[in-house]
Amino acid sequence: MNGLTKILNQKEILYKLIKCQYSSSTDLKEVFASKIPKAVEQVKEFRKTQGTKVVGDVTVNMIYNGMRGIKALICETSVLDPNEGIRFRGYSIPECEEKLPKAKGATQPIPEGIFWLLLTGDIPNQAQVDAVSKEWACRSALPDYCYDFMEKIPKDVHPMSQFSAVISILNSESTFAKAYASGVKKTQYWEYVYEDSMNLVAKLSVIAGSIYAKCFKNSNRPLCDVDENVDYSLNFAKMMGYDNKDFIDFLRLYLVIHSDHEGGNVSAHTTHLVGSALSDPYLSFAAGMNGLAGPLHGRANQEVLEWLQKVQKEVGENVTEEKLKEFTWKTLKSGQVVPGYGHAVLRKTDPRFVCQAKFANKYIKDDSLVALCGLVFKVVPPILKELGKVQNPWPNVDAHSGVLLYHYGMKEMQFYTVLFGVSRALGVLPSLIWDRAYGLPIERPKSFSTEALIKLVNNPPK
Ligand code: CMX
């Protein structure tokens, strides 16, 4: 622990922001700007020549079944294949692990690189990610009113509620909201959304670090200052009081793989939807975080650890296959889901689970929770198959992350979804910037009452 951090006052924050504005260390904005004309022209031409082509049918079942499979969204940053899993701008997770730059002495790619890749489509070089690290550090200061606000929130309010609330009030810093109010041109919206997104990502680790310190370390501030000369994850880990090298490497990997899962998942879709009303990036992302907080989405990582601990409590440390089967059936018969298993799109084991299992086997093979996680992987899928209704019996990303975090000393499971949230910003904010670069309109799908839908089906328009 580094003790209480130095408190930045408003003047220092202002100085840091001005310094950033005038001596930006990264050329990411220029690189992104250079991509826009071609992409916008391509969409314009595509819509002009093919705009009326039909790309799929919508059945009544799809409408009642959470819009599964309806092709209705544009998302440039990543594509999810049911069998292969996620590809970030065309790159699989192993390819990203190999190609994205790493911090000095680190084994895992850094989140700065995935942000660059998702926004521009290019694999950045070392100098480019180092510049992003610097820029985020430089933009990271939180205004005092955020700390005042956090201090007033009771400690036992769920960390995700605190996270979302602080992000929402930070919208008073939005450059987009100010520019919009002063009548900036639509073609320039993306520039302000970019600035807000960079500021928001930079501040998220400080918000999360402060919430962690406040709820679990008896401090009202993150446990140290942000250092401009190190990467985002190292700063983030230190702000939460962690300096274990392997933990920091796992955090890097964690932040990369949770970033994006194409556009239809609840957190990504919500951020995009709210952004379409031209709510600023802070409000849009906070809305996405409220979706991520749900047990069927990001909160599953907390629930997995809680479930594993219930197993250990009920069965004892020596969990056998038989006992685990019994416990799983008990969970299902009580009407609950097995957290960390199943997926709305995936139909195979999630590669994000696989890469975390690989990390665990390399660094913490002898951990008893890792062994239990492996046993769950053996026992649960056949049971879910036997249930008959589960489309995908295999583990998703949340089945493994908590086990690793717990091993490295982060035992506060309520906090796990906040980490997911920090990572999700790296995917959904680049998408939001693209939304504004394309000038996408306010989203407004058609809905029906059941009566109106029955009428439509019985008397289809001629
Ligand atoms: N345990 C028990 N039942 C499950 C199940 C699981 N892990 N996964 C699906 N089912 C059930 C569903 O609840 C549904 O039952 P009902 O028809 O009685 O309502 C049925 O199987 C069919 O569901 P599905 O089509 O296979 O799955 P969905 O697309 O509706 O839902 C998901 C996907 C992830 C919400 C679901 O698999 C689930 O609840 N999993 C556990 C929670 C979880 O791990 N969520 C994290 C997902 C990843 C993330 O977003 O972070």
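Atoms within each ligand, like the ligands themselves, are counted from 1 in listed order.
- The ring-ring contact (aromatic ring centres under 6.0 Å, His included) test with W190 is passed by exactly one of F176, W434, F32, Y438: F32.
- More than 12 heavy atoms of other residues, nucleotides or ligands sit less than 6.0 Å from atom CZ of F448.
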Can you give me a line-by-line list of nitrogen or oxygen pairs between ligand 1 and the protein shorter than 3.5 Å?
unit_1	atom_1	unit_2	atom_2	d
ligand 1	1 (N)	V338	N	2.9
ligand 1	7 (N)	V338	O	2.9
ligand 1	7 (N)	Y341	O	2.8
ligand 1	15 (O)	K389	NZ	3.4
ligand 1	18 (O)	K389	NZ	2.7
ligand 1	26 (O)	Q391	N	2.8
ligand 1	29 (O)	R68	NE	3.3
ligand 1	29 (O)	R68	NH2	2.9
ligand 1	30 (O)	R68	NH2	3.2
ligand 1	40 (N)	Y341	O	2.8
ligand 1	44 (O)	G340	N	2.7
ligand 1	44 (O)	N396	ND2	3.0
ligand 1	45 (N)	L296	O	2.9
ligand 1	50 (O)	H297	ND1	2.6
ligand 1	51 (O)	H297	O	3.3
ligand 1	51 (O)	D398	OD2	2.6

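- Heavy-atom neighbours of K29 NZ from other residues, nucleotides or ligands within 6.0 Å: above the threshold of 12.
- Using bins of under 30°, 30° to 60° and over 60° for the plane-to-plane angle, the ring pair F285/F163 lands in the perpendicular bin.
- Judged by distance alone, the side chains of S276 and D435 never bring a donor and an acceptor atom under 3.5 Å apart.
- Counting heavy atoms of neighbouring residues, nucleotides and ligands inside a 6.0 Å radius, atom CG of N83 exceeds 12 of them.
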